[in-house]
Amino acid sequence: MPSSVTGVIQDLERILLTPAQISARVDAMAARLNAELTGKVVTVVALMDGGLFFVADLLRKLEMPVRLYTLSASSYQGGTATTGEVKVSWPANFDIHGQDVLLLDDILDTGLTLSAISERLLAQQPASLRTCVLLSKRRQRLSHVALDDAGFEIDDEFVVGYGMDYQGRFRNLPCIGILNPNPAS
Ligand code: 5GP
Ligand code: MG
C-alpha cells in the first residue's frame, strides 16, 4: 500500500474488512443482481458521498444497461451520531416512474435515511424497488427498511474507509476499519 495510506491506517484501532474481503463480497452481490435482473434496464439510485466506492465497484460488475442518479443525503453533519433529520438533495429531473430501481447505500444504521428515501421513491411508482447496502449494523432500527441484500452484518460501531468518513476524512482508505479513539494525526 502507498505510504500515505499506511499513515492513515495508523489512525485505525483495527481493520474490520480488508480490500480483498470487500471486493469478493461486492462481486457476489453483483452476481446475484445480474441473475435477478437479467433483461431489465436498471435505474440505480445511489447515495453519496459514503456510497462512492461501493457504487463504483458494484456498477462495474453489473451486466445489464444501467441509468444512474446520485443523491446527497446527510444526517450526521460531522459527528458520529445521527441527528435524526435526513437532508436529501434531489436532482431536478428525477423521475423513476415505471422503472426497475436499485437503491444503494454504504451502511444501514438507524434506517432513517433509507426509509425516508424509499418512501419518496415509492411515491413515484417504480415498477420495482430493490435496496442493497454494503454494511448493515446489528442494532435496533428507528425506521423499518425492506433490505434485499447486505454485504456484511457488523456490530454497532462507527466505521470509516472505502468511502465512509469521519469529519470528512478517511474516505480514501481501501479497507473498512474502526477509528482509533485518539487518532495520532
Ligand atoms: P441511518 O439513517 O441508517 O442511521 O444512517 C445511514 C447513514 O449514516 C449512512 O448512509 C452513512 O452515511 C451514515 N453512517 C451510519 N453509520 C455510520 C458509520 O459507522 N460510519 C460512517 N462513516 N457513517 C455512518
Ligand atoms: Mg450515507
Side-chain angles (χ1 to χ4, degrees), residues 5 8-19 21-22 25-26 29 43-59 68-91 94 101-123 129-185:
V5 172
V8 180
I9 285 178
Q10 283 165 8
D11 289 334
L12 296 184
E13 187 180 279
R14 65 180 196 279
I15 292 175
L16 200 62
L17 295 163
T18 64
Q21 287 174 310
I22 298 168
R25 190 67 188 101
V26 171
M29 293 175 84
T43 301
V44 173
V45 177
L47 301 203
M48 296 291 132
D49 296 321
L52 178 66
F53 297 126
F54 171 51
V55 171
D57 287 345
L58 185 82
L59 257 63
L68 174 65
Y69 285 112
T70 57
L71 304 182
S72 290
S74 64
S75 65
Y76 272 59
Q77 288 151 0
T80 60
T82 180
T83 60
E85 190 199 347
V86 181
K87 290 190 181 147
V88 184
S89 31
W90 296 88
F94 189 82
V101 175
L102 174 61
L103 174 60
L104 298 176
D105 198 9
D106 51 358
I107 178 160
L108 177 64
D109 185 16
T110 64
L112 289 170
T113 306
L114 282 178
S115 67
I117 288 169
S118 307
E119 204 175 303
R120 283 285 299 271
L121 298 183
L122 290 170
L129 174 63
R130 275 182 179 68
T131 302
C132 298
V133 295
L134 180 64
L135 306 176
S136 169
K137 280 192 190 173
R138 282 185 210 100
R139 58 158 288 163
Q140 198 179 0
R141 309 272 179 243
L142 300 179
S143 198
H144 173 74
V145 175
L147 208 57
D148 294 278
D149 203 4
F152 302 91
E153 285 226 339
I154 62 167
D155 288 338
D156 188 7
E157 295 180 290
F158 194 80
V159 296
V160 293
Y162 194 65
M164 291 168 283
D165 76 313
Y166 173 65
Q167 297 190 338
R169 290 187 55 205
F170 307 107
R171 288 195 200 279
N172 59 320
L173 283 178
C175 60
I176 294 173
I178 307 294
L179 207 54
N180 187 331
N182 303 302
S185 52

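Both counts, for ligands and for their atoms, begin at 1 and track the order of listing.
Within the listing of ligand 1, atoms 9 (C), 10 (O) sit less than 4.0 angstrom from a heavy atom of Asp105. Under a 4.0 Å criterion applied to the non-hydrogen atoms of Leu112, ligand 1 contributes the atoms 2 (O), 3 (O). The distance from ligand 1 to the heavy atoms of Thr110 drops below 4.0 Å at these ligand atoms: 1 (P), 2 (O), 3 (O), 4 (O). Which parts of ligand 1 touch Glu157 is read off a 4.0 Å heavy-atom cut-off, strictly below it: atoms 19 (O). Each of the atoms 16 (N), 17 (C), 18 (C), 19 (O) of ligand 1 lies under 4.0 Å from some heavy atom of Lys137.
In this structure, Ser143 and Leu112 approach most closely via the heavy-atom pair CB-CD2, 3.9 Å. Taking each heavy atom of Ile176 and Gly161 in turn, the nearest pair found is CG1-O, 4.1 Å. The heavy-atom pair separating Leu71 from Pro91 by the smallest distance is CD2-CD, 3.4 Å.
Between the Arg141 side chain and the Asp109 main chain, a donor and an acceptor come within less than 3.5 Å of each other.
Considering backbone and side-chain N/O atoms, Met164 never comes within less than 3.5 Å of an N/O atom of ligand 1. When only interatomic distances are considered, the shortest N/O to N/O separation between Val159 and ligand 1 falls below 3.5 Å. The shortest N or O to N or O distance between Tyr166 and ligand 1 is not below 3.5 Å.
No heavy atom of Val160 sits closer than 4.0 Å to any atom of ligand 1. Residue contacts with ligand 1: Asp165 is included, with a non-hydrogen atom under 4.0 Å away.
Residue contacts with ligand 1, taken as heavy atom pairs separated by less than 4.0 Å, involve Asp106 solely via side-chain atoms from C-beta onward.
Annotation: salt bridge (charged side-chain N to carboxylate O under 4.0 Å, His left out) contacts of Asp149 (sequence neighbours excluded): Arg25, Arg32.
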Cut-off 3.5 Å, no hydrogens considered: what does the side-chain donor-acceptor table look like for residues 48-58, sequence neighbours left out?
residue: Asp57; atom: OD1; partner: Arg60; partner atom: NH2; Å: 2.7
residue: Asp57; atom: OD2; partner: Tyr162; partner atom: OH; Å: 2.6

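With salt bridges taken as basic N to acidic carboxylate O contacts below 4.0 Å, none links Arg130 and Asp148. By the 4.0 Å N-to-carboxylate-O rule, Glu157 lies close enough to Arg14 to be salt-bridged with it.
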